[in-house]
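To start, the structure itself, in structure tokens.
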Protein chains: 2
Amino acid sequence: MPSKPRNPSPPSSPAGVSGLVRASDTLAGVFAALGDPTRLKLVAVLCAGGAFSIAQLTTGTDISRQAVTKHLQVLSDAGVVRDVKMGRERLWQLEPAQIDEARRMLEAIGREWDVALNKLKMFVESAE
Amino acid sequence: MPSKPRNPSPPSSPAGVSGLVRASDTLAGVFAALGDPTRLKLVAVLCAGGAFSIAQLTTGTDISRQAVTKHLQVLSDAGVVRDVKMGRERLWQLEPAQIDEARRMLEAIGREWDVALNKLKMFVESAE
DNA sequence: GATAAATGCAACCATAAAGTTGCAAATTGT
DNA sequence: ACAATTTGCAACTTTATGGTTGCATTTATC
């Protein structure tokens, strides 16, 4: 008789993060938007609180204005930035709600990790 | 006389985040690694603290084992996970240091944003 | 009203990313 | 020894990404 597969342990997320995993698709979108050096720098500039035009945001990068526009569009699709039309220019500003939610997810992961470490520590100590 | 360009305001990141922007390339790598629903779920599972094999981690996804291996490799390149060889299986576990740094960057961005809002609020009040 | 500035739009290109399949190699259990 | 498990490796396909260039469009300024 051939041996049977002994693999059937489907791991699941801990309760603390399961709620955030439910929104993992939108959250992954936020992380993906931040996952590019150019876009991360754009966000870092915008977090100063002002509203900047595309031409202004292009100054300081070594890519074309159209490329910056594309990056801003990616950030906008992820809900990280907003644009406001002002005359002939389009001003961009931060929309920190999604970033805040991403931060909370990373916090939850760190918390769960600490809990797991504590459990392991207590287990080791009880075996001494 | 033709008018001259009046654009020369190169925006710069505020002091609070400039230090983190310096490491923006590695940080962007971490965000990019988290920027995929499958990988985000893998991280959520691993944050429970255990060490899981590739076959175990594949259970629960709807993609092939080889695809999961590729995702784990991406997370490993970003320094988010570590692997340990145990007999014929390869166990993966979380490496929370990079995730923690990413969380700190999001915190810094949120802080700068709050500072900017406060400045604006004080300016408006002083004009009344 | 002519000119310059800021942006929008579209086509295009090169490379990377996400997934698949097929097969070889190492390790474990009977 | 043999069979089953787990993984590794390589080739391949499809689609997304990041970037470019060229030109049209809207808006301000003189």
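Throughout, a chain's letter reflects where its sequence line sits, starting with A, and its residues are numbered from 1. In this text, all values refer to a predicted model and were calculated from it rather than measured experimentally. We use all heavy atoms of the structure for the numbers below, so side chains are in, but hydrogens, waters and symmetry mates are not.
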Send over the distance from [X] [atom1] to [N] [atom2], rounded to a whole Å.
{"X": "B/Gln56", "N": "D/dT6", "atom1": "CD", "atom2": "P", "value": "9 Å"}
{"X": "A/Phe31", "N": "D/dT17", "atom1": "CZ", "atom2": "P", "value": "17 Å"}
{"X": "B/Ile54", "N": "C/dT27", "atom1": "CD1", "atom2": "P", "value": "14 Å"}
{"X": "A/Asp36", "N": "C/dT15", "atom1": "CG", "atom2": "C1'", "value": "14 Å"}

Kindly say whether [Y] contributes a backbone atom to a donor-acceptor pair with the side chain of [X] at under 3.5 angstrom?
{"X": "A/Ser76", "Y": "A/Leu72", "result": "no"}
{"X": "B/Thr59", "Y": "B/Ala55", "result": "yes"}
{"X": "A/Gln56", "Y": "A/Ser53", "result": "yes"}
{"X": "A/Arg90", "Y": "A/Lys85", "result": "no"}

*Looking only at N and O atoms, is any donor in the side chain of A/Arg88 or the base of C/dT7 less than 3.5 Å from an acceptor on the other one?*
no
*asked:* Any side-chain N or O of B/Ser53 below 4.0 angstrom from OP1/OP2 of D/dT7?
replied: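 Affirmative; the distance criterion is met.
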*Under 4.0 Å: is that the gap between some side-chain N or O of A/Arg39 and OP1 or OP2 of D/dG18?*
yes
*First locate atom CG of B/Asp100, then atom CG of A/Leu106, and finally report the distance between them rounded to the nearest 0.5 Å.*
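Going from CG on B/Asp100 over to CG on A/Leu106, the span is 8.5 Å.
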*Is A/Arg111 salt-bridged to A/Asp114, going by a charged N under 4.0 Å from an acidic O?*
no
*Going by number, which of residues 63-80 of chain B have a non-hydrogen atom under 4.0 Å from DNA chain C?*
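The answer is B/Ile63, B/Ser64, B/Gln66, B/Ala67, B/Lys70, B/His71.
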